[in-house]
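Structure, as structure tokens:
Here the structure is a predicted model, which means the values were calculated and not measured.
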Amino acid sequence: MAKPEASVQLYTLAEAFSADMDGSLDKLAAIGLHNVEAFDFVRRPAEIRQALDASGLASPTGHAPLLSDELWTPDGSIPTPAPEVVFEAAATIGMTTVIDPFVAPQRWFTEDGVADIADRLNALVDVAAGFGLRVGYHNHAQEFIKTFDGQSAYERFVGLTDERVAIELDLYWALVGGQDVTALTGRLGDRLLAVHVKDGIAPAVNPFGPDAGEFGSDSLDQRRPGDGDVPLADALRAATAVQYAVIEYDKTPGDVFDDIAASFAFLRDGGFVR
């Protein structure tokens, strides 16, 4: 298969991006990146598009809430606009795929809940297509807490979704969810559009489980690729149709741009991206 392109999720540099959009994107371009994955883009699509064009970057994928009343993050929530508003903003930026990045844990704990998530996403496939877009889903670890007839809630969800729904697998969070990440990547096969390339030490308890207590990104021990528990190289080799290898940190171990550069070097020098 053709090697994927490298990208970076802008949530990684949310603080720097908010303070200096143009300067932050210029630094990413100087590292050698050509793509980003936009986050919180619906309220300012024209501004983001202008900054991307000026830096020579593109945002083929982006994260936006599609399946919840508001998008939860470990550090705050973002209200959910109507899907058509999301898709219009994404088209303005030049995206091809809008990915929902988080559905609350309790919705993954029953078969009916999983079916509802899949149905809601399936209902948006044709709506998105009217804007020239696809829809997709990005996991954390809550999708792997419950199993139904020996199948994780996550894989049940994938099986229930329209084949046009794109899957973006966060390799770190799949490991936190107790998965054999390499095997899962292989099983997802052609459904897998993108992976989040992220390493770290997996916490002893799934932070999205019912007894985990409060969780924030500051509690994570995330590290540069190759310094943690995630079998990134094997998982990337197991992918058969991935188009984007997206660098992300929920919590960078050091300077954010140095850490992004280290992740890009891992992908480039390992021959995992073109």
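- With values rounded to the nearest 0.5 angstrom, His34 atom NE2 is found 11.5 Å from Ser55 atom OG.
- At least one side-chain heavy atom of Arg164 sits less than 4.5 Å from a side-chain heavy atom of Asp126.
- The heavy-atom pair separating Ala241 from Gly189 by the smallest distance is CB-O, 4.3 Å.
- Under the 4.5 Å side-chain criterion, counting only non-hydrogen atoms from C-beta, Leu28 is in contact with Leu10.
- Using modelled atom types and a 3.5 Å distance limit, the side chains of Tyr249 and Ser263 yield a donor-acceptor pair.
- Although no hydrogens or angles enter the test, the distance criterion places a donor-acceptor pair under 3.5 Å between the side chain of Asp199 and the main chain of Val230.
- For Tyr172 and Glu248, the side-chain atoms include no donor-acceptor pair closer than 3.5 Å.
- At least one side-chain heavy atom of Phe17 sits less than 4.5 Å from a side-chain heavy atom of Leu25.
- Counting all heavy atoms, side chain and backbone alike, Val42 lies closest to Pro81 at CG1-CG, 3.8 Å.
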Candidate pair Phe266 and Phe272, rule ring-ring contact (aromatic ring centres under 6.0 Å, His included), full reasoning: CA-CA 8 Å; Phe266 170 86; Phe272 298 118; 5.5 Å; yes
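- Atoms CD and CD1, from Gln106 and Ile145 in turn, are 10.0 Å apart once rounded to the nearest 0.5 Å.
- By the 4.5 Å heavy-atom criterion applied to side chains, Leu57 and Asn35 are not counted as neighbours.
- No hydrogens or angles considered: a donor-acceptor pair under 3.5 Å links the side chains of Arg191 and Thr161.
- Listed for the Asp170 side chain is no donor-acceptor partner under 3.5 Å among the backbone atoms of His140.
- For Glu15, the CD atom counts as loosely surrounded, since its 6.0 Å shell holds 12 or fewer non-hydrogen atoms of other residues, nucleotides or ligands.
- The cluster map of Ile, Leu, Val, Met, Phe, Trp and Tyr, joined by side-chain heavy atoms under 4.5 Å apart, puts Leu67 and Leu133 in the same cluster.
- The hydrophobic clustering, which links ILVMFWY residues whose side-chain heavy atoms are closer than 4.5 Å, places Leu192 and Ile99 apart.
- Taking the side chain as every heavy atom from C-beta outward, Phe144 and Asn139 approach each other to under 4.5 Å.
- For the atom pair Ile48 CD1 and Arg43 CZ, the distance stands at 8.0 Å (nearest 0.5 Å).
- Among residues at least two apart or in separate chains, side chain to side chain donor-acceptor pair (under 3.5 Å) pairs with a member in residues 252-262 are Arg224-Asp259.
- Grouping the Ile, Leu, Val, Met, Phe, Trp and Tyr side chains by contacts below 4.5 angstrom, directly or via other members, places Phe208 apart from Val205.
- Taking CG of Asn206 as the start and CD of Glu143 as the end, the distance is 9.0 Å to the nearest 0.5 Å.
- Counting only distance, with no hydrogens or angles, the side chain of Gln9 and the backbone of Tyr11 share a donor-acceptor pair below 3.5 Å.
- With hydrogens and angles disregarded, a donor-acceptor distance shorter than 3.5 Å links the side chain of Trp108 to the backbone of Val103.
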Audit row: His138, Phe102, ring-ring contact (aromatic ring centres under 6.0 Å, His included) steps and yes/no: CA-CA 7 Å; His138 163 278; Phe102 189 91; 9.0 Å; no
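- A continuous path of ILVMFWY side-chain contacts below 4.5 Å connects Leu66 to Tyr137, so both sit in one hydrophobic cluster.
- Heavy-atom contacts from other residues, nucleotides or ligands closer than 6.0 Å to CD of Glu84 number more than 12.
- Side chain of Arg223 to main chain of Gly228: no donor-acceptor pair is present (N/O by atom type, distance under 3.5 Å, no hydrogens or angles).
- Distance check, rounded to the nearest 0.5 Å: CG of Asp100 to CZ of Arg120 gives 11.0 Å.
- Using a 4.0 Å cut-off between a side-chain N of Lys or Arg and a carboxylate O of Asp or Glu, Asp250 and Lys198 qualify as a salt bridge.
- Taking the six-membered ring where tryptophan is involved, the planes of Phe87 and Phe131 are tilted, since the angle between them lies from 30° to 60°.
- Atoms CZ and CD, on Arg44 and Gln50 in that order, are 13.5 Å from each other to the nearest 0.5 Å.
- Using a 4.0 Å cut-off between charged nitrogen and carboxylate oxygen, Arg156 and Asp149 count as a salt-bridge pair.
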Step by step, would you call Ser219 with Lys251 a side chain to side chain contact (heavy atoms under 4.5 Å, CB included)? CA-CA 9 Å; Ser219 67; Lys251 178 188 176 184; over 6 Å; no
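- With Gln179 contributing its side chain and Val176 its backbone, the two residues share no donor-acceptor pair below 3.5 Å.
- Taking 4.5 Å as the limit, some side-chain heavy atom of Val158 sits within range of a side-chain heavy atom of Leu188.
- Contact annotation: the side chain of Thr185 approaches that of Leu171 to within less than 4.5 Å [non-hydrogen atoms, C-beta and beyond].
- Residues Phe257 and Val197 fall within the same hydrophobic cluster, defined by Ile, Leu, Val, Met, Phe, Trp and Tyr side chains chained together at heavy-atom separations under 4.5 Å.
- Between the Ser7 side chain and the Tyr244 main chain, no donor and acceptor come within less than 3.5 Å of each other.
- Scanning all heavy atoms of the two residues, the minimum distance from Val86 to Phe41 falls at O-CE1, 3.9 Å.
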Would you sort out whether Ile260 and Leu33 count as a side chain to side chain contact (heavy atoms under 4.5 Å, CB included), showing the intermediate values? CA-CA 10 Å; Ile260 291 170; Leu33 288 157; 3.9 Å; yes
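- Formation of a donor-acceptor pair under 3.5 Å by the Lys146 side chain with backbone atoms of Thr110 is not found in this model.
- A donor-acceptor distance shorter than 3.5 angstrom exists from the side chain of Asn122 to the backbone of Ala118, with no hydrogens or angles considered.
- Ring geometry for Tyr154 against Phe157 counts as tilted: the plane angle lies between 30° and 60°, on a 0 to 90° scale.
- Here the side chains of His63 and Glu168 are in contact, with some heavy-atom distance below 4.5 Å.
- Minimum interatomic distance between Arg134 and Ala128 (heavy atoms only, all atoms of both residues): C-CB, 4.3 Å.
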What do the steps show when you test Leu193 against Val242 for side chain to side chain contact (heavy atoms under 4.5 Å, CB included), and what is the final call? CA-CA 5 Å; Leu193 172 78; Val242 168; over 6 Å; no
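- A pairwise comparison of heavy atoms in Ala141 and Gly177 identifies CB-N, 3.9 Å as the closest pair.
- The main-chain N or O of Glu155 is found under 3.5 Å from a side-chain atom of Ser152 such that the two form a donor-acceptor pair.
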Please report the C-alpha distance between Asp234 and Val181 in whole Å, then the side-chain angles of each, then the deciding distance to 0.1 Å, and finally whether the side chain to side chain contact (heavy atoms under 4.5 Å, CB included) criterion is met. CA-CA 9 Å; Asp234 288 343; Val181 178; over 6 Å; no
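- The two residues Ala245 and Pro4 come nearest to each other via the heavy atoms N-CB, 4.0 Å.
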Decide yes or no on side-chain hydrogen bond (donor to acceptor under 3.5 Å, both in side chains) for Glu37 and Thr61, but give the supporting numbers first. CA-CA 5 Å; Glu37 185 169 74; Thr61 62; 2.8 Å; yes
